[in-house]
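Input: a single structure, listed below in structure tokens.
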Amino acid sequence: MGISFTVLSSGSTGNATVVRNEDTTLLIDAGLSAKRIDELLKERDLSGEELDGILVTHEHSDHVKGLGAMARKYNLPIYANEKTWFAISNAVGQIADDNRRILETGATREFESLRVESFGISHDAAEPVGYSFYDGAEKLSVATDLGYVSDKVKQAISDADVLVLEANHDVEMLRMGRYPWNIKRRILSDIGHLSNEMAGAILSELLTGRTKRTYLAHLSRDHNMMELAKMTVRDAMEDRGCFYKDSEFRLCDTYYDRPTPWDKVSEP
Ligand SMILES: Nc1ccn([C@@H]2O[C@H](COP(=O)(O)O)[C@@H](O)[C@H]2O)c(=O)n1
């Protein structure tokens with residue numbers, strides 16, 4: 001079967017992704033109400049009963065809003081590093097001791113045949129992380145909420161067959177937009193969010209021929225549009241000498257209000 005995934009919802013109104021293989025199904029973040037996550041799972045013919053656990057990237061509410069409710073409803077273990085556990089302790093409510101699992105940043109954990117590696121990212125949270133998933137030779141990496149992409153992150157996500165990468169904003173739209181200056185400054189900072197241009201620059205460094213597609217994620221509804229994000233990413237790659245054919249590499253959409261189709265990492 002290999003790795004399949006669906007991005008259930010992406011953006012500052014709520015983030016959740018399902019990654020599964022033949023024996024494990026994991027939810028990455030639970031940033032919407034449990035009721036909404038249940039609806040999104042149902043749209044992809046899944047139920048919370050089929051989940052084996054929830055991996056948390058960081059404590060911001062668009063990543064943990066439904067975390068406690070999902071864990072209680074389906075008796076799911078939650079995996080997060082110690083600092084993130086501390087940061088979510090009030091928001092998450094009562095969680096059974098057995099469901100409080102520590103997955104330290106940089107650690108690897110085997111969920112039967114699905115191997116998960118966490119890696120540290122730069123964002124204004126206690127100890128934010130991204131995750132890479134491995135099954136045999138297949139690799140999927142998920143990296144959103146990044147102010148910038150460090151060499152360590154590049155190393156962690158390089159050679160992924162499929163990548164879910166943040167392309168939060170168009171810098172000019174953000175500069176001209178309605179957010180107060182302190183929020184704009186935060187978003188543009190090294191602990192904020194990745195712009196379309198920066199996502200393209202990173203991809204130009206990472207494309208080795210192995211990465212077949214990248215899902216552009218966590219798009220701002222105020223300061224971005226999917227077509228603009230794709231065009232800017234593509235231009236940024238070409239400016240750096242990275243040309244590709246759509247048959248070799250594709251940029252794919254994520255949505256804030258509906259799940260992406262199931263994607264099999266092994267597929268071309
Ligand atoms: N009034 C606001 C609006 C947004 N934020 C934060 O900014 C980041 C980007 O948000 P987008 O919706 O434009 O993607 C995100 O971290 C929001 O939480 C804010 O703090 N205040």
Side-chain angles (χ1 to χ4, degrees), residues 7-17 28-33 36-37 40 55-68 80-81 83-84 86-88 90-92 105 119-131 142-150 153 163-203 214-233 236 251-260:
V7 179
L8 296 176
S9 177
S10 186
S12 65
T13 48
N15 295 275
T17 295
I28 321 310
D29 288 334
L32 305 100
S33 69
R36 183 65 187 139
I37 293 173
L40 292 164
L55 302 177
V56 182
T57 61
H58 65 289
E59 71 273 19
H60 290 167
S61 66
D62 57 330
H63 295 260
V64 301
K65 184 177 177 186
L67 180 62
N81 59 45
K83 284 193 178 151
T84 300
F86 188 71
I88 60 177
N90 285 337
V92 80
T105 304
F119 54 88
I121 57 172
S122 179
H123 193 54
D124 55 353
E127 192 170 303
V129 297
Y131 292 103
V142 179
T144 67
D145 299 72
L146 308 132
Y148 84 108
V149 179
S150 66
V153 172
L163 190 55
V164 178
L165 181 67
E166 171 163 54
N168 175 255
H169 56 272
D170 173 82
V171 173
E172 269 321 295
M173 280 180 80
L174 175 63
R175 283 193 203 285
M176 302 297 288
R178 67 182 173 92
Y179 288 0
W181 175 241
N182 63 321
I183 292 177
K184 292 182 184 181
R185 197 171 47 198
R186 173 195 162 240
I187 293 169
L188 291 165
S189 77
D190 279 359
I191 50 172
H193 291 273
L194 214 59
S195 69
N196 298 335
E197 172 75 26
M198 286 161 82
I202 298 312
L203 284 177
T214 292
Y215 284 72
L216 299 181
H218 215 303
L219 265 70
S220 171
R221 288 163 68 186
D222 285 84
H223 307 122
N224 215 349
M225 292 174 285
M226 187 49 83
E227 287 317 308
L228 173 65
K230 285 181 173 171
M231 192 180 74
T232 310
V233 166
L251 295 171
C252 304
D253 302 10
T254 62
Y255 315 98
Y256 73 92
D257 60 350
R258 61 189 191 277
T260 59

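Just so it is clear, the model here is predicted, and its values are computed rather than measured. For the numbers below, each heavy atom of this structure counts, side chains included, while hydrogens, waters and symmetry mates do not. Counting starts at 1 for both ligands and their atoms, in listed order.
With hydrogens and angles disregarded, a donor-acceptor distance shorter than 3.5 Å links the side chain of Lys184 to the backbone of Gly177. In terms of modelled atom types and a separation under 3.5 Å, the side chain of Asn81 and the main chain of Glu127 share a donor-acceptor contact. For Ser10 (side chain) and Tyr256 (main-chain N/O), no donor-acceptor pair under 3.5 Å exists by modelled atom type.
For Arg186, the side chain to side chain contact (heavy atoms under 4.5 Å, CB included) partners two or more places apart in sequence, or in a different chain, are His60, His123, Asp124, His193. Asp190 pairs by the side-chain hydrogen bond (donor to acceptor under 3.5 Å, both in side chains) definition with nothing, not counting sequence neighbours. Residues passing the ring pair (Phe, Tyr, Trp, His ring centres under 6.0 Å) test with Tyr131: none are found, sequence neighbours excluded.
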Under a 3.5 Å threshold, I'd like every N/O contact between ligand 1 and protein atoms, with atom names and distance.
residue	atom	partner	partner atom	Å
ligand 1	12 (O)	Ser12	OG	2.5
ligand 1	12 (O)	Tyr179	OH	3.2
ligand 1	13 (O)	Tyr179	OH	2.7
ligand 1	13 (O)	Ser220	OG	2.6
ligand 1	14 (O)	Asn168	ND2	2.9
ligand 1	16 (O)	Arg186	NH1	3.0
ligand 1	16 (O)	Arg186	NH2	3.3
ligand 1	16 (O)	His193	NE2	2.8

